[in-house]
Amino acid sequence: MKLEWKKQEKELYGVKTKPCVSDIPAQKYIILSGNGNPNEEIFSDKVAALFSVAYKVKMAYKALAEKSSEITDYTVYPLEGIWSVASEKEYLVKEELQYRIMIRQPDFITREMFDNVLEIVKSKKNNPYLTDISFETICDGRCIQVLHKGTFDDEPASFEIMEEYCREYGYKRIGKEHREIYLNNASRAKKANLKTILRYKVINVGK
């Protein structure tokens with residue numbers, strides 16, 4: 001059987017344009033950290049480094065998976081990013097953004113498998129950010145999330161919808177970070193067709 005996140009994990013990736021609150025379980029990721037404008041080349045190089053490892057991990061697992069295994073293959077998960085800004089300015093300065101970009105790994109992928117694959121990729125690809133990739137487990141816990149359609153610059157409108165939902169149903173945001181899950185390729189899709197899950201942590205404080 002092939003694990004396909006779009007079909008088999010709809011509770012996590014089938015988010016609609018109406019906000020909802022969900023409990024997000026612990027998940028494994030390969031991660032790169034950084035800061036600055038995501039439109040700069042350095043960001044693209046980091047994304048390329050992550051995907052080169054993610055696809056190599058998938059290929060390695062597929063080669064080793066026994067025919068008797070329940071899952072013999074899987075679709076590589078989408079790019080995600082946890083974003084924050086250090087300053088309290090009323091307007092966004094992209095050069096001041098801080099981020100951790102990542103690609104989720106299936107539960108059956110181990111740190112040992114990642115370590116072995118990373119060494120292989122580093123020996124074949126000339127990307128300086130490969131050495132900075134880490135393998136971590138993150139648990140977001142209780143979050144509000146919504147599907148944002150359109151450009152990244154239009155995300156504030158979706159965040160306002162999320163804030164209105166929180167006020168109406170008695171939730172309060174925790175921290176200043178938010179997560180973005182990019183369901184399609186920004187370099188290939190038209191800006192109007194971009195689909196991004198926006199998510200941040202909340203607690204229930206009652207009405």
Side-chain angles (χ1 to χ4, degrees), residues 3-35 37-39 43-44 46-55 57-58 74-85 92 94 97-107 109 133-163 165-166 171 173-202:
L3 174 63
E4 298 183 79
W5 54 269
K6 282 186 178 180
K7 296 180 180 180
Q8 293 157 269
E9 298 186 83
K10 291 183 179 180
E11 72 280 5
L12 294 174
Y13 302 103
V15 179
K16 307 300 183 183
T17 53
K18 180 180 179 180
C20 65
V21 172
S22 301
D23 291 318
I24 311 300
Q27 298 170 339
K28 297 178 179 179
Y29 295 93
I30 56 173
I31 299 174
L32 272 173
S33 299
N35 57 75
N37 192 326
N39 295 313
F43 185 82
S44 297
K46 289 183 177 183
V47 171
L50 282 175
F51 273 109
S52 65
V53 174
Y55 276 101
V57 170
K58 165 194 161 70
Y74 65 92
T75 303
V76 171
Y77 283 85
L79 180 71
E80 304 186 28
I82 296 177
W83 297 87
S84 63
V85 289
L92 176 63
K94 292 183 178 180
L97 285 169
Q98 298 174 333
Y99 58 81
R100 302 183 77 202
I101 53 174
M102 60 196 72
I103 299 174
R104 185 183 164 193
Q105 302 298 293
D107 292 340
I109 299 299
I133 297 178
S134 62
F135 184 89
E136 302 177 30
T137 298
I138 298 176
C139 182
D140 283 352
R142 180 154 294 183
C143 296
I144 182 172
Q145 52 186 358
V146 75
L147 177 64
H148 171 76
K149 293 183 178 180
T151 68
F152 302 132
D153 289 337
D154 291 336
E155 287 180 357
S158 290
F159 279 118
E160 178 56 33
I161 293 173
M162 296 167 75
E163 290 166 8
Y165 183 97
C166 286
Y171 289 96
R173 182 171 183 170
I174 302 175
K176 298 179 181 179
E177 294 181 340
H178 75 273
R179 181 183 292 272
E180 300 185 358
I181 304 175
Y182 309 104
L183 299 181
N184 49 9
N185 193 326
S187 64
R188 297 178 182 177
K190 294 181 180 180
K191 290 184 177 181
N193 295 333
L194 290 175
K195 295 181 179 180
T196 308
I197 296 175
L198 303 179
R199 177 192 295 166
Y200 57 74
K201 298 179 181 181
V202 295

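Quantities reported herein were computed from a predicted structural model and do not represent experimental measurements.
- Between the side chains of Glu11 and Ser22, no donor-acceptor pair of N or O atoms lies under 3.5 Å.
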Worked verdict on Leu12 versus Ile181 for side chain to side chain contact (heavy atoms under 4.5 Å, CB included): CA-CA 10 Å; Leu12 294 174; Ile181 304 175; over 6 Å; no

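- To the nearest 0.5 Å, atoms CZ (Arg100) and CD1 (Ile138) are separated by 5.0 Å.
- Side chain of Asn37 to backbone of Lys94: no donor-acceptor contact under 3.5 angstrom is found.
- Heavy atoms only, all atoms of each residue included: Ile109 and Tyr74 are closest at CD1-OH, 4.1 Å.
- Test Met102, Gln98, His178 against Ile82 for side chain to side chain contact (heavy atoms under 4.5 Å, CB included) and you get one pass: Met102.
- Here the SG-CG distance, from Cys143 to Leu198, works out to 12.0 Å after rounding to the nearest 0.5 Å.
- Between the side chain of Lys46 and the backbone N or O of Ile101, no donor-acceptor pair lies under 3.5 Å.
- One distance of note links CD of Gln27 with CG of Asp140; it measures 7.0 Å at 0.5 Å rounding.
- The two residues Cys139 and Pro25 come nearest to each other via the heavy atoms SG-C, 4.0 Å.
- In plain terms, the two heavy atoms of Ala49 and Ile133 that are nearest each other are O-CD1, 3.7 Å.
- Looking at heavy atoms from C-beta onward, Pro38 lies out of side-chain contact with Phe152 at the 4.5 angstrom threshold.
- No side-chain donor-acceptor contact under 3.5 Å links Lys195 to the backbone of Asn184.
- Closest heavy-atom contact between Arg173 and Val202: CA-CG1, 4.2 Å.
- Side-chain atoms of Tyr77 and Glu9 include a donor-acceptor pair closer than 3.5 Å.
- What you find for Ile144 and Pro19 is that their closest heavy atoms are CD1-CB, 4.0 Å.
- The shortest side-chain heavy-atom distance between Thr75 and Lys6 does not fall under the 4.5 Å cut-off.
- Comment: Glu80 does not engage Arg104 in a salt bridge, judged by the lack of any side-chain N to carboxylate O separation of less than 4.0 angstrom.
- Atoms CZ and CG, from Phe159 and Asp154 in turn, are 12.0 Å apart once rounded to the nearest 0.5 Å.
- Tyr165 contributes no side-chain N or O that, together with a main-chain N or O of Cys20, makes up a donor-acceptor pair within less than 3.5 Å.
- No donor-acceptor pair closer than 3.5 Å links the side chain of Glu160 to the backbone N or O of Pro156.
- To the nearest 0.5 Å, the span separating CZ on Arg179 from CZ on Arg199 amounts to 6.0 Å.
- In this structure, Tyr200 has its ring center no closer than 6.0 Å to that of Tyr171.
- Rounding to the nearest 0.5 Å gives a distance of 12.0 Å between OH of Tyr182 and CD1 of Ile103.
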